[in-house]
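Numbered from 1 within each chain, the chains take letters A, B, ... in sequence-line order.
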There are 2 protein chains.
Amino acid sequence: MLSSSLQPLPETNSMEKILVVEDDRAVQKALKRLFESEGFMVDVQADGKSALEAFRASAPSAIVLDLRLPSMSGRDVCREVKQQFPTLPIIILSATTDVTDKVLLLELGADDYVTKPFSPRELLARVRAALRRTTRSEVGEAATFDGISVNFAKMEVLREGRLIEMTAREFNALKFLVQNAERVISRDELLTEVWGYQNYPSTRTVDNHILKIRQKLEKDPANPVHFRTVHGVGYKFVR
Amino acid sequence: MLSSSLQPLPETNSMEKILVVEDDRAVQKALKRLFESEGFMVDVQADGKSALEAFRASAPSAIVLDLRLPSMSGRDVCREVKQQFPTLPIIILSATTDVTDKVLLLELGADDYVTKPFSPRELLARVRAALRRTTRSEVGEAATFDGISVNFAKMEVLREGRLIEMTAREFNALKFLVQNAERVISRDELLTEVWGYQNYPSTRTVDNHILKIRQKLEKDPANPVHFRTVHGVGYKFVR
DNA sequence: TCTGAAATGTAAAATAAATGTCATTATTAG
DNA sequence: CTAATAATGACATTTATTTTACATTTCAGA
């Protein structure tokens, strides 16, 4: 299975949403005011579990996360989120004692951290920096269509910013189709180009892989829009 | 199993010619049969000198070349040909010992190679791939007439900018007619070129396809302007 | 210019072929 | 060895092609 990493969520120049995960009421309030006064939308959650739910529902562009939480540790939230949305910036909020080791944070996948007590200005600066970093990072080498981006170098596919797991064969077939957008590709061509010369599997194999690609990427796999079949010949990808 | 004899060969509409340069009689025969069974025309030569002559005379679209030849080494043939026709694909056939170094082959200008003993399927695949690489038509290249555009790579027909759905056979017949504009095409010719050798349907089949083409593309299908009948012979496309 | 045989047009029915899909089996990587 | 991936086979479904049957047109020769 191909591993994760990420691609920039296109910056919504209108309004960024920040998910704050913090159990201390006083800090909650302070953070909410801080970010809102700077034009961010803020969603506050008190524990890890509800944070993950809120996260899925509201699709924030960054997360400010207290490492100390009830019900589910900040670490788990961090890991969970990063797995699915590798590029989404996470800024950790922690007491000095929590993080003696920066390495731990990197392992968690956090982008930056601020130790309590923190200066509002500093936190704001770091969130902004993290947002900037991800929006700017590597635009190249990725084909995009619909809500999907296919990063050839990383062998990564994202749908609505979420990582879609693909096997190597699936990815290569996808890649070839995408790189030859609009052109009708015969099964023979797919077989020689994607599968290589040595092993020639049966024609059904190609269909099965197309099936998988459709299931993973088409909104309605039964009525494929992007991965079209060209009856009597093969397939064709259209943006 | 992918037995291409069952499938219509979308890539080989206009017969490709392969020049095989090989001194071993047994291999000669095998190769000739292999390629002919897949719809290629084959010219076989046993040595480098006559190969070059045959090459000039018959203008093949690819060369399958044994590196070990009498009178003139395959290397020289390769170099010579590549000098004059840099884009013409050359697939080298060699005993394993001949090729300890792939670099040498690249220097020779070969496009690909297969080591003996080789699998017919593999050789075929490599030849096809090489042909495709050099032939690959640009997406967007289209023949136009009246308000109609025929895009070969996309296998797409537009009439007044609107997509006209066509089946593979219809499209291939259309393509052949358009590519042979002004010329009278007999039913037999259509059958061999579009339908292929294997299956010879009879009488009304061709007519029915022309009918469909007319219905889809002629302004007044009953009075065809572009897809004319040549009574007693066949059809003719005029722009 | 008639007339009938041959050729072609045409739509619909019959047949064939290609594709989607899933369950199963093989293969491969870890 | 196990889990993940890939390939195969079987089957239902969809789509395309061929055939059939008959209508219409063409054209040569009277």
Phosphate oxygens OP1/OP2 of [N]: is one of them under 4.0 Å from a side-chain N or O of [X]?
X      : N      : value
B:T229 : C:dA7  : no
A:W195 : D:dA6  : no
B:R187 : C:dA7  : no
B:T167 : D:dT15 : no
A:S202 : D:dA7  : no

Going from [atom1] on [X] to [atom2] on [Y], what distance comes out if it is rounded to the nearest 0.5 angstrom?
X      : Y      : atom1 : atom2 : answer
B:L124 : B:L34  : CG    : CG    : 5.0 Å
B:L177 : B:N172 : CG    : CG    : 11.0 Å
A:I185 : A:Q179 : CD1   : CD    : 10.5 Å
B:L174 : B:H226 : CG    : NE2   : 11.5 Å

From [atom1] of [X] over to [atom2] of [N], roughly how many Å is that when rounded to an integer?
X      : N      : atom1 : atom2 : result
A:D207 : C:dA17 : CG    : C1'   : 13 Å
A:H209 : C:dT21 : NE2   : P     : 15 Å
A:H231 : C:dA17 : NE2   : P     : 11 Å
A:L191 : D:dA7  : CG    : C1'   : 12 Å
B:R169 : C:dA17 : CZ    : P     : 10 Å
A:M155 : D:dT5  : CE    : C1'   : 13 Å
B:Q215 : C:dG9  : CD    : P     : 12 Å
A:R204 : C:dA18 : CZ    : P     : 10 Å

Using the benzene-type ring in the case of Trp, are the ring centres of B:F237 and B:F145 under 6.0 Å apart?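 Between B:F237 and B:F145, the centre distance is under 6.0 Å.
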
Basic-acidic side-chain contact under 4.0 Å: [X], [Y]:
X      : Y      : value
A:R228 : A:E182 : no
B:E218 : B:R159 : no
B:K216 : B:E165 : no
B:E36  : B:K32  : yes

Which part of the nucleic acid does A:V230 contact within heavy-atom distance under 4.0 Å: base, sugar-phosphate only, or nothing?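 Since only primed, P, OP1 and OP2 atoms lie under 4.0 Å of A:V230, the category is sugar-phosphate.
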
Which residues in residues 232-239 of chain B have at least one heavy atom lying under 4.0 Å from any atom of DNA chain C? B:G232, B:V233, B:Y235

Under 4.0 Å, heavy atom to any atom of DNA chain D: which of residues 218-228 of chain A qualify? none

Taking atom types as they are modelled, is there a donor-acceptor pair under 3.5 Å from the base of C:dT21 to the side chain of A:R214?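 Such a pair does not exist between side chain and base.
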
Determine the sole option in A:V225, A:D146, A:I148 for which the side-chain contact (heavy atoms from CB on, under 4.5 Å) test with A:L217 is passed.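 The side-chain contact (heavy atoms from CB on, under 4.5 Å) with A:L217 is passed solely by A:I148 among A:V225, A:D146, A:I148.
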
Are B:L158 and B:I164 side-chain neighbours, meaning at least one heavy-atom pair lies under 4.5 Å? no

More than 12 heavy atoms from other groups under 6.0 Å of NZ on A:K212: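 Counting other residues, nucleotides and ligands, NZ of A:K212 stays at 12 neighbours or fewer.
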
Specify the angle, to 10°, made by the local axes at the two ends of the helix from C:dT1-D:dA30 to C:dG30-D:dC1 when five pairs are taken at each end.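 Answer rounded to 10°: the end axes differ by 50°.
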
